[in-house]
Protein chains: 2
Amino acid sequence: MGLTKSEIFSEKQNRIAGMAKVLGHPARVAILQHLIKVQECICGDLVGEIGLSQPTISQHLREMKNIGLLKGNIDGNSVCYCIDENTYQEMRSAFEELLGHSVGGACC
Amino acid sequence: MGLTKSEIFSEKQNRIAGMAKVLGHPARVAILQHLIKVQECICGDLVGEIGLSQPTISQHLREMKNIGLLKGNIDGNSVCYCIDENTYQEMRSAFEELLGHSVGGACC
DNA sequence: TATCTTTATCGTAATATTGCAATGAACGAA
DNA sequence: TTCGTTCATTGCAATATTACGATAAAGATA
């Protein structure tokens with residue numbers, strides 16, 4: 001079937017999964033790391049930096065924009081990308097909340 | 001082509017992506033949250049708790065075991081699952097490192 | 001032994017993702 | 001206007017993921 005049954009999960013669970021999914025590809029991790037380092041850049045920079053084709057980078061950028069992690073600002077004939085601080089902090093909080101527990105499993 | 005070009009990324013980037021990917025499905029988020037709450041449980045508990053079929057839950061559990069997030073301990077004819085504390089902490093550290101920066105983008 | 005319970009695996013179908021060539025759109029420069 | 005630059009979109013092929021019925025494997029129970 002291949003169709004995720006989102007309706008049986010909470011909004012929050014679906015949101016966390018969506019944010020994690022966007023980090024679930026090394027190209028998007030690399031894009032985020034590069035943007036953390038240089039704060040802002042254009043698509044062409046990332047094509048040179050990462051080594052995937054321009055359409056592929058563009059597609060990854062769109063997915064990152066779709067969940068709100070990136071913003072793009074048109075500047076002449078190029079587009080300046082940077083991280084959306086709100087979503088970036090939302091992700092930090094969500095993962096910290098999910099991963100900040102004590103987990104001493106007794107059985108294993 | 002559908003084949004991720006892992007070889008052009010660093011070990012660390014691929015590892016982060018792999019850990020994120022496992023949280024990139026709401027069922028696996030729900031499994032992790034349940035295990036955080038109850039510390040340990042068997043597969044059948046999760047089937048009742050989450051509402052997916054037993055083979056589907058088993059498949060998700062396997063992916064979580066594959067990256068080391070879960071451990072399973074055979075106990076009679078059932079399997080007791082719990083969180084692997086080391087990987088859980090590794091994930092916390094990795095995401096904290098990735099998401100703990102200052103990101104004031106100037107262009108957007 | 002026969003049966004029940006519990007979990008894993010196989011097989012399959014449907015959908016999703018990844019990647020890129022080709023093309024289009026929009027701006028700047030000559 | 002014409003050409004070059006930059007990025008998005010389209011279209012396609014290949015691989016990956018999601019989900020579950022059927023079945024197998026293995027310990028528990030009668």
Side-chain angles (χ1 to χ4, degrees), chain A residues 1-9 13-14 17-31 35 40-67 70-82 107-108, chain B residues 1-9 13-14 17-31 35 40-67 70-82 107-108:
Chain A
M1 309 171 174
L3 206 170
T4 298
K5 292 191 160 181
S6 340
E7 71 276 6
I8 68 174
F9 302 103
Q13 285 167 333
N14 283 308
M19 293 187 299
K21 196 173 189 178
V22 107
L23 297 183
H25 191 287
R28 295 191 289 263
V29 171
I31 289 171
L35 273 170
E40 58 186 70
C41 72
I42 64 175
C43 175
D45 294 342
L46 293 164
V47 174
E49 183 76 23
I50 290 175
L52 290 170
S53 74
Q54 181 270 321
T56 302
I57 296 291
S58 184
Q59 192 172 312
H60 285 304
L61 287 171
R62 184 171 50 181
E63 288 177 60
M64 297 173 83
K65 266 201 300 188
N66 281 345
I67 65 136
L70 298 189
K71 291 185 290 188
N73 193 41
I74 299 174
D75 171 30
N77 66 344
S78 65
V79 176
C80 180
Y81 282 98
C82 65
C107 68
C108 312
Chain B
M1 306 167 175
L3 207 170
T4 298
K5 290 191 158 181
S6 342
E7 69 278 7
I8 68 174
F9 302 103
Q13 286 167 333
N14 282 308
M19 293 187 300
K21 197 173 188 178
V22 107
L23 297 183
H25 192 286
R28 295 190 291 262
V29 172
I31 289 171
L35 272 169
E40 58 187 71
C41 71
I42 64 174
C43 175
D45 294 341
L46 293 164
V47 174
E49 183 76 22
I50 290 174
L52 289 170
S53 73
Q54 182 271 320
T56 301
I57 295 291
S58 184
Q59 194 172 310
H60 285 303
L61 287 171
R62 183 171 51 181
E63 289 178 59
M64 297 174 82
K65 266 199 301 188
N66 282 345
I67 66 138
L70 297 189
K71 292 185 287 187
N73 193 41
I74 299 174
D75 172 30
N77 66 344
S78 64
V79 177
C80 179
Y81 281 99
C82 64
C107 69
C108 311

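To find a chain, count down the sequence lines: A is the first, B the second, and so on, and within it residues start at 1.
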TODO: Can you figure out which of C/dT18, D/dC20, D/dA8 approaches the side chain of A/Lys65 most closely?
DONE: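 Selected nucleotide (nearest to the side chain): D/dA8.
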
Open item on the list: From the set C/dT15, D/dC20, D/dC7, return the single nucleotide nearest to any side-chain atom of A/Lys5.
Closed with: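 Of C/dT15, D/dC20, D/dC7, D/dC20 is nearest to the side chain of A/Lys5.
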
Open item on the list: Quick check: closest heavy atoms across A/Gly72 and A/Lys65, and the distance to 0.1 Å?
Closed with: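 So the minimum-distance heavy-atom pair works out to N-CD, 4.2 Å.
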
Euclidean distance, atom [atom1] of residue [X] to atom [atom2] of [N] [Å, nearest integer]:
X	N	atom1	atom2	result
B/Leu52	D/dT18	CG	C1'	9 Å
B/Ile31	D/dT18	CD1	C1'	13 Å
A/Asn14	D/dT18	CG	C1'	14 Å
A/Ile74	D/dA8	CD1	P	9 Å
B/Asp45	C/dT5	CG	C1'	13 Å
B/Ile42	D/dA26	CD1	P	19 Å
A/Asn66	D/dA8	CG	P	12 Å
B/Ile67	D/dT17	CD1	P	13 Å

- [ ] Only counting residues at least two apart or in another chain, list the ones meeting disulfide bond (SG atoms under 2.5 Å apart) with B/Cys80.
- [x]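 B/Cys80: disulfide bond (SG atoms under 2.5 Å apart) contacts with A/Cys107.
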
Open item on the list: Just to be sure I understand the rule, does A/Ile57 reach a base, reach only the sugar-phosphate, or reach nothing, if contact means heavy atoms closer than 4.0 Å?
Closed with: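 Contact class for A/Ile57: none.
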
When rounded to the nearest 0.5 angstrom, what is the spacing between [atom1] in [X] and [atom2] in [Y]?
X	Y	atom1	atom2	result
B/Ile57	B/Cys43	CD1	SG	7.0 Å
B/Asn14	B/Glu7	CG	CD	9.0 Å
A/Ile50	A/Arg28	CD1	CZ	11.0 Å
A/Met64	A/Leu23	CE	CG	7.0 Å

Does a side-chain N or O from [X] land closer than 4.0 Å to OP1 or OP2 of [N], or not?
X	N	value
A/His60	C/dT17	no
A/Arg62	D/dC7	no
B/Thr56	D/dC20	yes
B/Lys21	C/dT17	no
A/Ser58	D/dA8	yes
A/Ser78	D/dT6	no
B/Tyr81	C/dA8	yes

TODO: Decide yes or no for A/Thr56 and A/His60: does some side-chain heavy atom of the first lie under 4.5 Å from some side-chain heavy atom of the second?
DONE: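 Yes, side chains in contact.
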
- [ ] Report yes or no: is there a donor-acceptor pair, N or O only, under 3.5 Å between the side chain of A/Gln59 and the base of D/dA8?
- [x]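 Side chain to base: no pair below 3.5 Å.
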
Open item on the list: Heavy-atom nearest nucleotide on DNA chain C for A/His25 versus B/Pro55: which residue maps closer to 5'?
Closed with: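 Counting from the 5' end, the first nearest nucleotide belongs to B/Pro55.
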
- [ ] For A/Arg28 and for A/Gln54, locate the closest nucleotide of DNA chain C by heavy-atom distance; then report the residue assigned to the nucleotide nearer the 5' terminus.
- [x]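 With A/Arg28 and A/Gln54 compared, the 5'-side residue is A/Arg28.
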
Polar-atom pairs under 3.5 Å, protein N or O versus N or O of nucleotides 2-5 of chain D: list them with distances, or write none.
residue: D/dT5; atom: O2; partner: A/Asn77; partner atom: ND2; Å: 2.9

Open item on the list: Looking at A/Ile8, I want to see if its CD1 is surrounded by more than 12 non-hydrogen atoms of other residues, nucleotides or ligands under 6.0 Å.
Closed with: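 Yes, the 6.0 Å shell around CD1 holds more than 12 heavy atoms from other groups.
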
